[in-house]
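Structure record follows, encoded as structure tokens.
Within every chain, numbering begins at 1; the chains are lettered A, B, ... in the order of the sequence lines, protein sequences first and strands thereafter.
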2 protein chains.
Amino acid sequence: MDATEFRKRGKEMVDYIADYIEKIEERQVYPDVEPGYLRALIPEFPPETPERFEDILKDVERIIMPGVTHWHSPYFFAYFPTANSFPALLGDMLSGGIGCIGFSWASSPACTELETVMLDWLGKMINLPPQFLAEKDGEGGGVIQGTASEATLVAMLAARTKAIHRIQLDNENLTQGEIISRLVAYTSDQAHSSVEKDVLIAGVKIKQVPTDDSFSVRGSTLRKVIDEDKAAGLIPFFLCATLGTTTCCSFDNLLELGPICNEENIWMHIDAAYAGSAFICPEFRYLLNGVEYADSFNFNPHKWLLINFDCSTMWVKKRLDLTCAFKIDPVYLKHDHDESGKLNTLCFILQHWQIPLGRRFRSLKMWFVFRMYGVSGLQEYIRKHVRIAHEFKDLVLQDDRFEICADVILGLVCFRLKGSNELNEVLLKNINDARKIHLVPCHLRGKFVLRFAICARTVESSHIQFAWKNITTMTKVGFNTKCKG
Amino acid sequence: MDATEFRKRGKEMVDYIADYIEKIEERQVYPDVEPGYLRALIPEFPPETPERFEDILKDVERIIMPGVTHWHSPYFFAYFPTANSFPALLGDMLSGGIGCIGFSWASSPACTELETVMLDWLGKMINLPPQFLAEKDGEGGGVIQGTASEATLVAMLAARTKAIHRIQLDNENLTQGEIISRLVAYTSDQAHSSVEKDVLIAGVKIKQVPTDDSFSVRGSTLRKVIDEDKAAGLIPFFLCATLGTTTCCSFDNLLELGPICNEENIWMHIDAAYAGSAFICPEFRYLLNGVEYADSFNFNPHKWLLINFDCSTMWVKKRLDLTCAFKIDPVYLKHDHDESGKLNTLCFILQHWQIPLGRRFRSLKMWFVFRMYGVSGLQEYIRKHVRIAHEFKDLVLQDDRFEICADVILGLVCFRLKGSNELNEVLLKNINDARKIHLVPCHLRGKFVLRFAICARTVESSHIQFAWKNITTMTKVGFNTKCKG
């Protein structure tokens, strides 16, 4: 395929994507396929000679689309949103076309520099304390990670290195292995499973700190766990506080946790994967109060800020903490400017901030989205989602067979039928089997709960009304007698 | 921006990308900017209200392009290639448009299933032993990782878990920490720096095994290091063998190393990041002989197989080894099919194979590239690069002031002026300062060496002739006297 054919096919693909998104409501939100459906539809071996683009595009409809869960359907209320916007798609196309690999400043200066500036822009949009920004030769700065899992892992590894160095200063005879075996990390009992994966990797211990009635980790509880662990000879070194948990979008109490962490030399990392985008609205910014105590902060604009996956933004107060944990400098990555120290001063050595070496030009899609929506456009989008979530909550509250299971603060509503878990499991199965809308569950204090997350960019009040009608219809099919129990 | 405007702007972007790639020779391959250039060109704050697309596209030329290192210029010979092809761009556009997140089978069945089948296709293209494939309910299978660093890390962590379990079976009293502190990993003294980063993360020790005159790790050397380490109380558990090292594209001797690893319960991982793509050509497949001894194998189609970054393909013989290391199962990721065990049998639980949870629909670009080039088209592309590399080698050999520093097997030529390192450092600086072509160096046994990597998809013999002329011109500017020395 040469550039001339790409011009033709690329434009056809633009139309295909526009059609897909414009008419997504007509597609069934969750697919009917059974595991293994696709292999039977595809040849056993790749073709020896080139095939025609027309045939491939036909196969997208015949083979791929029947197996797609349509995350951008306005009937999709599962998990959390994943972003998809036209400006982000345009930025990503350009990133692909340029196709540079930004593993060092020299490997494509614009790639590293735009990222640093975009992270400053976004940091200002959520009013992060200036220590987290790279401008004005500070000690902090931001970087794009692939996912929140990676951001937490990077923070945890930096904290591990820092703890080992500190402890070895006072105890020369302790080996790294001995220290690691005594390190303990903390997170909420509502935190995302990725934190557990991260401690498996780091080889440290983890304690899930019990949450209060609002599913929030409080200072007194953390203090108690820390004291017990220290008495048992463990070394507390890391807290992953969560703002907007995956289960029910609850918020840990940073203002209580922060001073304890600072006092105890515990690295405080904040994971606001979903909720972080809301902090661009002044009325939600209070949820981030206490970030000033944190060492690192992360959220996923690829969830709720209209920037397509992957774009997980992470800031640190002292970037030296990250580079100490990861710094490796082979000759083939060196160039003239390295010697000057200028790159580090300017916050341009991002390869030491992450697990992979290679990096795509992901800041382009941030730049496109910020400029084509403007801050006001993004705020409006967040506010619409929150408004619609409250609308759904009100519908639930009007039906006294149901209960709301956690405070509705942003775009997630956790609800259930009053009654047994079994009842709610059957309800959810019936909802998803009907394929009109798509939800996933969670457990809250042993209760099986339905999560209703506002997800699609194009979701409106009418879709919520439809969804609620659909849910209540399900409760009429053989549910009435059980619900009375 | 609505779908109607996206149709217009998307097509303009397609043309912009086509123009960029068609006319890339006219752009200076390496930029003139100094660190920090970009911040001055961009406002301090994001805009409050939306801006026009035309203005953003103008800024791409004004702000971004002056800071881009043009990896796809036919005058780019630095690092290793990074792929960029029109079919891959189309596949990526579609992936962005669908915008699903494939962290579980249910979250988008097509995303997981196409990936598994594409990894089987690619495995067959390079004639991997069938144990590495997922088809026919085997124990193995493949997955797309972001980078080779991540693939090596995942393999190392799985090996670590396996070693801990095995050792604890015989030594119940040994803690995980005690075992980890005695684990030692091996790799070539020519291996990529990412292996060092991976051991920092895993908290284990690493030994760089000395290479022979061809920069290859041999069985006898590995045997010696293992014996010494065991005598010193260490536990050898992991070897990262390299096929196609970053420095000089040398190849470790798998046929000697494999049996030793199998005998010693050492996990053998093979990193063929760059070279792996060449194994689709029967005449280069011999370089992979011995893979039958390996536990895991990885290469980067995003380097040399025309599939845009990121696409690092990894296969394992026993996928249970990976899932044991990473398995975490929260309720919100469960669904009906989980219970059946069918998903695992079909190799569909890829989130346990990697560090992040979320995953893009990256197999679409593989599918597009394999079908639009055909195996023969891809082979032709690899062969062209190898042919051109040999052409460059011949040019170097015809000038007796220069020497070739490592065997030219694929698309990389390591060469230098006979003489001091300083001389070669000046030569490289002059070449890069002239901005006509772009190279990076490496060190081989203390010698400063210039790496000439065949990179661009569109590179032809004429560009090689130009590059060589450019290099020799540099040696005439004040070099003559020194070169005689």
Side-chain angles (χ1 to χ4, degrees), chain A residues 1 3 6-7 10-11 13-14 17-18 22 33 35-36 38-39 46-51 64 67-69 71 82 84 86 89-90 92-93 96-97 99-101 108-110 113 117 121 146-147 149 177 181 193 196-197 203 328 330-332 342 346 356-358 370-371 374-375 440 442-443, chain B residues 1 3 6-7 10-11 13-14 17-18 22 33 35-36 38 46-51 56 64 67-69 71 82 84 86 89-90 92-93 96-97 99-101 108-110 113 117 121 146-147 149 177 181 193 196-197 203 328 330-332 342 346 356-358 370-371 374-375 440 442-443:
Chain A
M1 178 179 274
F6 173 71
R7 287 179 202 272
K11 290 165 191 176
M13 186 59 85
V14 166
I17 292 168
E22 274 191 321
V33 297
L38 186 137
R39 193 179 284 272
E48 188 58 27
T49 52
E51 297 184 46
I64 302 301
V68 170
T69 302
W71 283 64
T82 186
N84 199 356
F86 294 121
L89 291 178
L90 293 170
D92 240 4
M93 283 167 66
C100 64
I101 304 295
S108 226
E113 300 210 6
V117 176
W121 270 21
T147 61
S149 317
S181 68
S193 58
E196 289 176 67
K197 195 192 252 185
I328 311 274
V331 177
Y332 48 81
K342 194 171 178 191
L346 289 166
L357 178 64
F370 295 158
R371 296 184 67 182
V375 175
V440 296
C442 72
H443 278 303
Chain B
M1 177 179 275
F6 174 70
R7 288 178 202 273
K11 289 165 192 177
M13 186 58 85
V14 166
I17 293 167
E22 273 191 323
V33 297
L38 186 137
E48 188 58 27
T49 53
E51 297 185 46
I56 298 170
I64 304 300
V68 170
T69 303
W71 283 64
T82 187
N84 200 356
F86 294 121
L89 291 178
L90 293 169
D92 240 5
M93 283 167 67
C100 63
I101 304 295
S108 227
E113 298 211 7
V117 176
W121 270 21
T147 60
S149 316
S181 67
S193 58
E196 287 175 70
K197 195 191 250 183
I328 311 273
V331 178
Y332 47 81
K342 195 173 177 190
L346 288 165
L357 178 65
F370 294 159
R371 295 184 68 181
V375 175
V440 294
C442 71
H443 278 302

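- Both the backbone and the side chain of B/T49 come within less than 4.5 Å of a heavy atom of chain A.
- Once rounded to the nearest 0.5 Å, the distance linking CZ of A/F6 with CG of B/L89 reads 5.0 Å.
- Considering only residues two or more places apart in sequence or on other chains, B/D92 meets the side-chain contact (heavy atoms from CB on, under 4.5 Å) condition with B/S95, B/R360, B/K365.
- Residues satisfying the side chain to side chain donor-acceptor pair (under 3.5 Å) test with B/T147, not counting sequence neighbours, are B/E150.
- Classification of the B/W121-B/F370 ring pair by plane angle, with boundaries at 30° and 60°, yields tilted.
- Interatomic distance, A/S108 OG to A/E113 CD, rounded to the nearest 0.5 Å: 10.5 Å.
- Here B/R7 contributes atom CZ and A/E22 contributes atom CD; the two are 4.5 Å apart, rounded to the nearest 0.5 Å.
- Only the side chain of B/S181 comes within less than 4.5 Å of a heavy atom in chain A; its backbone stays farther off.
- Among the candidates A/P109, A/G10, A/G96, A/G146, the residue making the largest number of heavy-atom pairs closer than 4.5 Å to chain B is A/P109.
- Heavy-atom pairs under 4.5 Å with chain A were tallied for B/C100, B/G177, B/G97; the largest tally goes to B/G97.
- Contact count against chain A (heavy-atom pairs under 4.5 Å) is highest for B/I56 among B/I17, B/I56, B/V68.
- Both the backbone and the side chain of B/E48 come within less than 4.5 Å of a heavy atom in chain A.
- Per-residue heavy-atom pair counts under 4.5 Å with chain B were compared for A/G358, A/P46, A/G203, A/G99, and the maximum is reached by A/P46.
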